[in-house]
Amino acid sequence: MDFMKPETVLNLGNIRDALVRMEDTIVFNFIERSQFYSSPSVYEIDKFEIPDFVGGSFLDWTMLQLEKLQSQIRRFEAPDELPFFPKEILKSFLPPIGYPNVLASYSTEINFNDEIKKFYIQDIVPLISCGEGEQPENLGSTCTADIECLQSLSRRIHFGKFVAEAKFQSEKELFIKLIKEKNVKGLEDAITNSVVEEKILQRLVEKGKAYGVDPSLKYSQNPQSKVNPEIIAVIYKKWIIPLTKKVEIDYLLRRLECE
Ligand SMILES: O=C(O)C(=O)C[C@]1(C(=O)O)C=C[C@@H](O)C=C1
């Protein structure tokens with residue numbers, strides 16, 4: 001899909017292809033993170049004395065520095081990128097790109113990054129790290145791997161806005177009715193496609209098996225997956241897909257503000 005060409009962005013087939021492609025990024029990022037221990041000191045608030053920074057973790061500080069840099073090279077101008085620190089990002093010295101608007105004007109206000117960070121630290125890190133405990137020499141590498149995971153999760157989950165807009169456009173009458181009724185359950189049913197979800201989960205197990213092993217050992221007796229493929233599917237089933245749907249529903253509930 002090409003964000004300069006709105007007609008390619010709101011095509012549900014293109015959106016789903018992009019979501020499939022993002023699975024690869026997420027699986028590889030989990031595999032990268034799985035080299036390291038859980039490293040709780042990365043996430044502990046005020047664990048380190050950081051100049052001019054209180055009330056956050058080492059991960060928060062690193063993410064903030066990175067977002068300040070990335071905002072200056074226009075990362076967050078892209079309609080599919082959303083910062084974890086929206087109030088602190090900087091203006092770019094580069095000329096604005098001027099992407100055409102395909103989403104409703106309030107779309108950047110729908111930001112689940114705090115929630116994503118919370119479930120990532122609480123639930124995902126224990127599932128994908130190679131063991132429990134600290135590894136002080138790898139503090140920076142662990143945190144860098146975390147940021148890659150978080151940014152890819154954020155992009156995937158907030159892609160729900162494009163899915164929602166595409167679905168709204170293709171079945172306006174139904175969605176306008178449900179939105180007017182504030183019918184959250186009806187909206188959830190309307191956006192759910194269980195066949196697509198099931199396919200995603202099956203594909204993830206295959207991807208986890210294929211990407212997580214040394215290919216030269218693939219046909220030997222006991223290739224070790226770096227991240228348990230079933231766990232990747234569980235993470236999608238329990239957190240990634242439900243949060244994507246939450247983004248879709250929140251986006252749709254406000255959609256008539258712009259009609
Ligand atoms: O592909 C869709 O139609 C989506 O809404 C995306 C998604 C997902 O998160 O992958 C979410 C809800 C649907 O049940 C199926 C898949």
Side-chain angles (χ1 to χ4, degrees), residues 1-3 6-30 78-82 102-104 106-107 110-120 123-124 127-128 149-179 183-208 211 227 229-256:
M1 75 209 284
D2 178 346
F3 286 109
E7 68 282 6
T8 69
V9 179
L10 294 182
N11 174 315
L12 194 53
N14 289 346
I15 296 171
R16 287 192 178 137
D17 286 347
L19 290 174
V20 172
R21 177 67 186 76
M22 280 181 237
E23 290 165 6
D24 302 347
T25 313
I26 290 173
V27 173
F28 278 116
N29 287 339
F30 286 173
D80 59 340
E81 295 285 355
L82 209 60
V102 289
L103 296 176
Y106 57 79
S107 76
I110 297 172
N111 186 332
F112 280 71
N113 280 339
D114 285 343
E115 213 168 312
I116 292 170
K117 195 173 73 179
K118 203 163 158 228
F119 85 75
Y120 175 77
D123 302 302
I124 299 189
L127 289 175
I128 62 174
C149 289
L150 283 166
Q151 288 185 326
S152 57
L153 287 170
S154 169
R155 179 162 179 259
R156 197 285 175 199
I157 288 166
H158 291 109
F159 232 70
K161 296 174 194 176
F162 297 103
V163 183
E165 183 62 33
K167 289 181 177 173
F168 177 81
Q169 295 291 345
S170 68
E171 270 187 286
K172 263 191 164 170
E173 216 174 294
L174 167 70
F175 281 107
I176 289 175
K177 178 175 171 290
L178 294 170
I179 295 165
N183 185 346
V184 173
K185 175 80 179 70
L187 284 170
E188 184 169 358
D189 290 343
I191 59 160
T192 296
N193 185 326
S194 311
V195 177
V196 170
E197 287 187 27
E198 200 43 51
K199 267 202 191 142
I200 293 172
L201 301 180
Q202 285 169 4
R203 195 172 46 236
L204 282 164
V205 173
E206 293 307 316
K207 286 184 175 179
Y211 304 164
V227 178
E230 304 288 343
I231 283 185
I232 300 173
V234 168
I235 293 171
Y236 258 75
K237 191 178 166 80
K238 273 179 84 171
W239 293 287
I240 300 179
I241 295 177
L243 252 191
T244 306
K245 290 195 201 181
K246 232 169 144 188
V247 167
E248 289 185 43
I249 294 169
D250 273 23
Y251 178 88
L252 286 165
L253 282 170
R254 291 183 59 181
R255 186 56 182 79
L256 301 185

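Since the model is a prediction, treat every value here as computed from it, not as a measurement. Every number for a ligand or one of its atoms is a count from 1 in the order of the listing.
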**Message:** Distance under 4.0 Å to a non-hydrogen atom of Thr244: what atoms of ligand 1 satisfy this?
**Reply:** 9 (O)
**Request:** Heavy-atom distances under 4.0 Å are what count here, so tell me which part of Thr192 touches ligand 1: side chain, backbone, both or neither.
**Result:** both
**Asked** Among all protein non-hydrogen atoms, which one is nearest to atom 9 (O) of ligand 1, and what is the separation to 0.1 Å?
**Response** Arg156 NH1, 2.8 Å
**Message:** Has Lys167 got a side-chain atom pairing as donor or acceptor with Glu248's backbone, closer than 3.5 angstrom?
**Reply:** no
**Request:** Answer yes or no: does an N/O atom from Arg16 fall short of 3.5 Å to an N/O atom of ligand 1?
**Result:** yes
**Message:** Out of all atoms in ligand 1, which are within 4.0 Å of some heavy atom of Asn193? Include the element for each.
**Reply:** 13 (C), 14 (O), 15 (C)
**Heavy atom of the protein closest to atom 14 (O) of ligand 1 (residue, atom name, distance)** = Glu197 OE2, 2.5 Å
**Prompt:** Using heavy atoms and a threshold below 4.0 Å, how should the contact between Ile191 and ligand 1 be classified: side chain, backbone, both, or neither?
**Reply:** backbone
**Asked** Under 3.5 Å between some N or O of ligand 1 and some N or O of Ser194?
**Response** no
**Message:** Out of all atoms in ligand 1, which are within 4.0 Å of some heavy atom of Lys167? Include the element for each.
**Reply:** 2 (C), 3 (O), 4 (C), 5 (O)
**Request:** Before accepting this row, confirm whether a basic side-chain N of the pair Lys237/Glu197 lies closer than 4.0 Å to the acidic partner's carboxylate O.
**Result:** no
**Message:** For Met1, is there any backbone N or O sitting under 3.5 Å from a side-chain donor or acceptor partner on Asn14?
**Reply:** no
**Message:** Closer than 3.5 angstrom, by distance alone: can the side chain of Ser154 be matched with the main-chain N or O of Leu150 as a donor-acceptor pair?
**Reply:** no
**Message:** I need the nearest protein heavy-atom contact for atom 6 (C) of ligand 1: residue, atom name and distance, please.
**Reply:** Glu248 OE2, 3.7 Å
**Asked** Is the distance between the ring centroids of Phe3 and Phe162 under 6.0 Å?
**Response** yes
**Prompt:** Using 4.0 Å as the upper bound for N to carboxylate O, is an ion pair formed by Asp17 and Arg21?
**Reply:** no
**Prompt:** Between the main-chain N or O of Leu82 and the side-chain N or O of Asn113, is there a donor-acceptor pair closer than 3.5 Å?
**Reply:** yes
**Prompt:** Quick check: does any side chain N or O of Tyr251 sit under 3.5 Å from a backbone N or O of Tyr106, one acting as donor and the other as acceptor?
**Reply:** no
**Item:** Atom indices of ligand 1 within 4.0 angstrom of Ile200 heavy atoms, with elements
**Value:** 10 (O)
**Fill in**
Min over Val163, Asp189, Leu201, Val196 of heavy-atom distance to atom 16 (C) of ligand 1 lands on Val196
